[in-house]
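Read through the structure below, which is laid out as structure tokens, and then see the notes.
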Amino acid sequence: MSITVTLPDGKPLELADGATGADAAAAIGAGLARAALAVQVSSGIGDGSAGADGQATPGELRDLARPLPDGASIAIVTNKSGDAALSLIRHDAAHVLATAVLQLYPGVKISIGPSIENGFYYDFEFPDGVSISEADFAAIEEHMRAHIKSAEPFERVDIPVAEARERFVAEAQDYKVELIDDLVAAADANHPLDTVSLYTNGPFTDLCRGPHAPSTASVGAFKLQSVAGAYWRGDSTRTMLTRIYGTAFFSKQDLEDYLERLEQALARDHRKIGRELGLFFFSELSPGSPFWTPAGMVIWNGLTELWRAENRKRGYREVSTPILYDAELWKQSGHWEKYRDNMYFTEVEERPMGLKPMNCPAHIQIYKEQRRSYRELPIRYSEAGLVHRHEPSGVLHGLLRVRHITQDDAHIFCTEEQVQDEVVQCLRFGFSIYALFGFQVRLELSTRPDQRIGSDELWDRAEGALEGALRAEGLQFDINAGDGAFYGPKIDLHMTDSIGRSWQLGTVQLDYSMPERFDLKYTGADNAEHRPVMIHRALLGSFERFIGILIEHYAGELPLWLAPVQAIVLTVSDRVRAYAESVLAELTARGIRAELDDRDESIGRKVREAELKKIPFMLVVGGREADEQTVSVREHGAQRAAQDGSGSGQASDGAQTLSLDAFQALLEAAGGRIPVG
RNA sequence: GCCGACGUAGCUCAGCUGGUAGAGCACUUCACUCGUAAUGAAGGGGUCCGGGGUUCGAGUCCCCGCGUCGGCUCCA
């Protein structure tokens with residue numbers, strides 16, 4: 001008896017019946033056999049063991065020690081196999097972590113420990129009175145290293161469910177028992193659960209679907225990174241477990257490279273850059289609400305100008321509305337019912353009032369101020385609307401998660417027939433803005449949540465309209481079921497920041513409910529009253545968050561048109577101070593944001609400080625420039641210049657001598673003006 | 001909100017097992033008058049997050065609160 005499998009190059013390989021992945025690797029070559037970690041089985045008949053549902057799914061990773069199904073296509077996975085291989089050893093590392101923790105902290109309860117993007121974690125419940133911190137990592141890592149060094153094989157056994165359950169009950173591993181019970185509950189007649197798989201390495205046995213590398217030795221280099229609380233099964237009503245995060249790589253070099261990248265990402269952190277460049281800061285006196293400095297306001301105003309011009313171009317009309325309202329308004333809108341916990345309330349002369357967390361009810365007031373005809377629609381109102389939301393203290397994060405939020409908000413009131421067109425226009429509008437900054441955007445369609453207002457028929461129509469708009473544009477999108485706003489479904493526009501976190505920028509939300517709640521109407525061509533549809537739309541999301549994202553995206557080196565200071569005049573000595581002042585005045589008169597550094601410091605120091613402040617242009621003026629009425633222009637990021645002393649047109653490497661006219665032309669060619677077209 | 005860590009000069013941080021607070025940068029002044037990433041010297045500057053407690057004595061130990069950071073939940 002023999003079986004035949006197909007190798008990645010299409011060649012068949014004949015093996016003895018019952019041959020394993022390891023046998024296949026050995027048949028191909030001794031080197032491959034040594035390097036093999038697992039085997040990818042692409043099709044064929046399952047081996048009947050638990051966990052698999054009869055058929056191997058395409059690309060399923062399996063232990064080397066398991067028999068191969070006849071007729072399968074296989075690929076031996078080694079440390080050259082990329083992400084799949086990395087994720088395999090990170091899962092191995094999670095088991096090694098649990099092994100060490102169980103040894104060091106008897107009585108600990110284990111739960112789950114998967115590999116994740118960039119690493120792995122394991123969640124534990126430590127015995128009462130025991131808590132661990134990063135200070136304990138050294139001891140844990142030392143134990144982990146010992147287990148890796150002794151190359152403990154990962155041994156799989158498939159045992160009857162009842163036997164496994166008994167085992168974990170005996171060990172008081174409650175979470176494992178719960179997992180088994182849930183697996184049983186999820187099984188049905190078509191997919192009965194007879195056995196579960198356990199993996200053992202050294203002293204540690206875990207309920208685990210696998211696969212694993214042949215032994216712990218495959219974990220080449222690892223590091224524990226942080227400890228955090230995490231709810232069991234992500235449910236905030238259940239126990240808070242202790243999660244230990246770590247990462248693992250095949251080589252020490254890879255690990256070091258990764259840690260180096262993490263550090264570089266930290267250098268882009270908008271909170272750090274914001275402080276260093278003096279753009280904004282936070283105070284304990286108003287948590288979650290940024291204070292903007294004059295420099296930061298240049299960025300803010302630049303964006304606002306762009307936003308205003310682009311909105312006007314697209315038929316939006318700007319409005320401005322109050323921030324404090326009678327609580328009755330929030331009852332009518334549904335915010336009181338669904339969103340109260342996130343709102344700020346106060347009393348004004350015994351009258352309950354609330355700060356707006358959204359602008360929609362305010363814009364509705366403007367709509368309602370007059371009778372509306374179908375001829376007016378669509379009506380598009382925009383507002384840089386200041387809203388306040390009580391974000392829980394634990395989620396505040398610099399500018400990216402604040403309580404004081406200035407949305408680039410807009411509401412479109414239109415007929416049902418106009419909805420799709422309007423949504424499409426909103427999306428295109430968003431893409432054109434993002435294109436200015438080179439953002440990669442991901443779209444998400446969020447559908448009806450549990451907590452919602454409005455009938456199912458309304459939701460059907462609204463969800464259908466949004467999906468229709470996405471399909472009409474041929475756009476790719478993910479569906480995020482149940483994540484819509486309480487009044488309607490939405491299309492969210494997300495981007496990923498420099499350290500891999502995903503942030504929502506814009507949102508386009510469809511709303512049939514508010515118009516009903518507020519009894520909005522328009523008179524149709526038939527002279528009858530009709531209900532308009534509302535579209536809520538933000539593209540930057542909020543000015544706060546967007547600026548935070550921009551800072552990280554550009555690592556503080558903002559596009560020239562947003563740079564708080566575009567050029568700084570640096571004096572070589574105080575003998576040219578008068579000339580430098582005239583240069584500054586002339587630059588300012590030309591609408592260039594310029595500053596002057598005429599301190600009694602060396603030119604080297606002034607250049608260094610201007611470089612650290614990431615000022616795009618440094619204009620050095622000394623005796624030569626004063627005589628010739630020029631400036632020596634050095635661009636930010638220029639190579640460290642060598643002395644030259646030639647005194648010719650090129651003052652030194654990386655700098656060129658220009659008239660102010662020529663400098664202005666250079667600056668404008670480099671994008672010094674707001675890109676409104 | 002939940003778990004954990006952290007909170008010392010404007011910034012970055014040191015301060016051992018409790019004995020009355022320190023460095024670098026920044027700031028001020030003086031000298032230097034300088035050519036593209038740090039000139040030198042001197043000086044000023046601290047409710048050690050806030051409030052309780054233990055102690056002869058608390059930046060240091062304990063409790064409570066606030067804030068920040070990393071996660072979890074949440075982000076309507």
Side-chain angles (χ1 to χ4, degrees), chain A residues 121 123 126 131-135 225-245 269 271-272 275-276 278 281-288 333-335 337-343 357-358 360 389-398 400-402 405 446 449 451-453 483-488 490 492 503-504 507 509 536 541 545 570-577 600-612 618-625 632-647 651-655:
Chain A
Y121 67 79
D123 284 349
F126 284 86
S131 76
I132 68 153
S133 72
E134 290 177 24
Q225 292 173 292
S226 63
V227 55
Y231 297 110
W232 168 232
R233 306 207 128 173
D235 182 342
S236 60
T237 64
R238 306 202 60 179
T239 317
M240 170 82 49
L241 304 172
T242 301
R243 174 171 299 177
I244 298 177
Y245 282 97
D269 191 309
R271 293 166 298 188
K272 180 177 154 71
R275 190 171 47 242
E276 286 169 354
F281 62 90
F282 289 89
S283 159
E284 291 196 9
L285 297 173
S286 187
S333 68
H335 286 86
E337 189 192 347
K338 305 288 181 196
Y339 199 63
R340 193 178 10 183
D341 290 347
N342 291 301
M343 287 179 62
M358 299 185 199
C360 32
R389 299 180 183 183
H390 179 248
E391 302 287 345
S393 56
V395 308
L396 298 178
H397 183 94
L400 300 186
R401 192 78 185 264
V402 290
I405 306 165
S446 295
Q451 287 255 315
R452 62 176 183 264
I453 56 178
D483 206 38
F486 71 75
Y487 47 75
K490 58 180 184 173
D492 285 336
W503 295 100
Q504 181 186 322
T507 185
Q509 312 182 341
H536 308 240
R545 170 176 286 182
L570 309 177
T571 51
V572 171
S573 81
D574 65 5
R575 292 196 180 122
V576 292
R577 197 169 267 163
D600 289 341
E601 292 289 352
S602 68
I603 188 64
R605 161 173 291 245
K606 294 181 196 178
V607 166
R608 175 182 154 79
E609 290 183 5
E611 287 284 358
L612 291 176
M618 283 148 272
L619 310 183
V620 175
V621 297
R624 273 200 304 275
E625 288 79 9
S632 169
V633 179
R634 175 191 163 109
E635 287 189 46
H636 170 60
Q639 290 297 313
R640 285 167 187 242
Q643 298 283 39
D644 85 351
S646 71
S652 63
D653 287 349

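No experiment lies behind these values; they were computed from the predicted model shown. Order of the sequence lines fixes the chain letters, A, B, ..., with proteins taken first and strands second; residue numbering starts at 1 for each chain.
Residues satisfying the salt bridge (Lys or Arg N to Asp or Glu O under 4.0 Å) criterion with A:Arg575, sequence neighbours excluded, are absent altogether. Under the side-chain contact (heavy atoms from CB on, under 4.5 Å) criterion, A:Tyr245 pairs with A:Ile116, A:Tyr121, A:Ser226, A:Ala228, A:Arg243, not counting sequence neighbours. Evaluation of the side-chain contact (heavy atoms from CB on, under 4.5 Å) rule for A:Leu612 yields A:Arg608 as partners, not counting sequence neighbours. Remark: A:Asp600 engages A:Arg577 in a side chain to side chain donor-acceptor pair (under 3.5 Å) (not counting sequence neighbours). Considering only residues two or more places apart in sequence or on other chains, A:Asp341 meets the side chain to side chain donor-acceptor pair (under 3.5 Å) condition with none of them. Applying the side-chain contact (heavy atoms from CB on, under 4.5 Å) test to A:Glu609 and every residue at least two apart in sequence or in another chain returns A:Arg599, A:Arg605. With sequence neighbours left out, the side-chain contact (heavy atoms from CB on, under 4.5 Å) criterion links A:Ser131 to no other residue. Every residue two or more places apart in sequence or in another chain that forms a ring pair (Phe, Tyr, Trp, His ring centres under 6.0 Å) with A:Phe281 is listed here: A:Phe291. Contacts of A:Phe486 classified as ring pair (Phe, Tyr, Trp, His ring centres under 6.0 Å), with partners at least two apart in sequence or in another chain: A:His335.
Remark: B:rA31 base-pairs with B:rU39; criterion is Watson-Crick or G-U wobble with both hydrogen-bond distances under 3.5 Å. Nucleotide B:rU54 has no partner under the Watson-Crick or G-U criteria, as no pair reaches both atom distances under 3.5 Å. Across the strands present, B:rC25 finds its partner in B:rG10; the criterion is a Watson-Crick or G-U wobble pair with both atom distances under 3.5 angstrom. A 3.5 Å limit on both hydrogen-bonding distances identifies B:rA5 as the Watson-Crick or G-U partner of B:rU68.
Between the CD atom of A:Glu391 and the C1' atom of B:rU73 there is a distance of 13 Å, given to the nearest Å. For the pair A:Tyr121 OH and B:rG70 C1', the computed distance is 16 Å after rounding to whole Å. For the pair A:Asp574 CG and B:rU33 C1', the interatomic distance rounds to 6 Å; values are reported in whole Å. Atom CD of A:Glu625 and atom P of B:rC34 are 14 Å apart (whole Å). Put simply, NE2 on A:His636 is 13 Å from P on B:rA37, counting in whole angstrom units. Rounded to whole Å, atom C1' of B:rA37 lies 11 Å from atom CD1 of A:Ile603. For A:Ile405 and B:rC74, the CD1 to C1' distance is 13 Å, given to the nearest whole Å. Taking atom CD1 of A:Ile244 as the reference point, atom C1' of B:rG70 lies 14 Å away to the nearest angstrom.
Side chain A:Arg401 to base B:rC75: a donor-acceptor pair is found below 3.5 Å. The base of B:rG1 sits within donor-acceptor range of the side chain of A:Tyr231, with an N or O pair under 3.5 Å. Checked by distance alone, A:Glu134 brings no side-chain donor or acceptor within 3.5 Å of a matching partner on the base of B:rG70. For B:rC34, its base never sits under 3.5 Å from the side chain of A:Arg575 at any donor and acceptor pair.
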Polar atom pairs (N or O), protein with nucleotides 39-44 of chain B, under 3.5 Å:
residue	atom	partner	partner atom	Å
B:rU39	OP1	A:Ser602	OG	3.4
B:rU39	OP1	A:Arg605	NE	2.7
B:rU39	OP2	A:Ser602	OG	2.5

What are the atom names and distances for every N/O pair under 3.5 Å that joins the protein to nucleotides 11-14 of chain B?
residue	atom	partner	partner atom	Å
B:rU12	OP1	A:Arg275	NH2	3.1

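Comparing B:rG44 with B:rG19, their P atoms are spaced 26 Å from each other, to the whole Å. When the C1' atom is compared between B:rA41 and B:rC56, the two are found 44 Å apart, to the nearest whole Å. Between the P atoms of B:rU54 and B:rC13, the separation comes to 35 Å (whole Å). Comparing the C1' positions of B:rG53 and B:rC16 gives a spacing of 25 Å, expressed to the nearest Å. Rounded to a whole angstrom, the distance from the P atom of B:rG43 to that of B:rA38 is 26 Å. Of the P atoms belonging to B:rU29 and B:rA14, the separation is 32 Å, rounded to the nearest Å. Nucleotides B:rG4 and B:rG46 place their C1' atoms 29 Å apart, quoted to the nearest Å. Comparing the P positions of B:rA9 and B:rU47 gives an interatomic distance of 9 Å, to the nearest angstrom.
For the pair A:Glu611 (side chain) and A:Gly637 (backbone), a donor-acceptor distance under 3.5 Å is present. Without hydrogens or angle criteria, A:Arg275 side chain to A:Lys272 main chain gives no donor-acceptor distance under 3.5 Å. A donor-acceptor pair is defined here as one N or O able to donate and one able to accept, closer than 3.5 Å; such a pair exists between the side chain of A:Arg545 and the backbone of A:Leu400.
Using a 4.0 Å heavy-atom distance criterion, A:Pro449 is classed as making no nucleic acid contact. Within the 4.0 angstrom heavy-atom criterion, base atoms lie near A:Ser573. Counting non-hydrogen atoms under 4.0 angstrom, A:Met358 reaches a base of the nucleic acid. Counting non-hydrogen atoms under 4.0 angstrom, A:Gly484 reaches the backbone sugars and phosphates but no base. Counting non-hydrogen atoms under 4.0 angstrom, A:Thr242 reaches nothing in the nucleic acid. Within 4.0 Å of A:Gly622, counting heavy atoms only, lies at least one base atom of the nucleic acid. The residue A:Lys272 sits apart from the nucleic acid: no heavy atom pair falls under 4.0 Å.
Among the nucleotides B:rC34, B:rG4, B:rC72, the one closest to the side chain of A:Val572 is B:rC34. Closest approach to the A:Arg608 side chain among B:rU73, B:rC34, B:rA38 is made by B:rA38 (side chain taken as heavy atoms from C-beta onward). Closest approach to the A:Ala228 side chain among B:rG1, B:rG71, B:rC75 is made by B:rG71 (side chain taken as heavy atoms from C-beta onward). Which of B:rG4, B:rC72, B:rC34 sits closest to the side chain of A:Met240 comes down to B:rC72.
The 5' end of RNA chain B is approached more closely, in terms of each residue's nearest nucleotide, by A:Ser131 than by the other of A:Ser131 and A:Ala485. Residue A:Leu612 is the one, among A:Ala230 and A:Leu612, whose nearest nucleotide of RNA chain B lies closer to the 5' end (criterion: closest heavy atom).
Closest approach of A:Thr571 to A:Ile603, counting heavy atoms only: O-CD1, 3.8 Å. Considering all non-hydrogen atoms of both residues, A:Val402 and A:Glu391 come closest at O-CG, 3.4 Å.
Taking a cutoff of 4.0 Å between a charged side-chain nitrogen and a carboxylate oxygen, A:Arg233 and A:Asp235 do not qualify as a salt bridge.
For A:Arg634, a side-chain nitrogen or oxygen approaches OP1 or OP2 of B:rA37 to under 4.0 Å.
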**Fill in**
Readout for nucleotides 62-69 of chain B: B = base within 4.0 Å of protein heavy atom, S = sugar-phosphate only, - = neither; 5' to 3' it is -----SSS
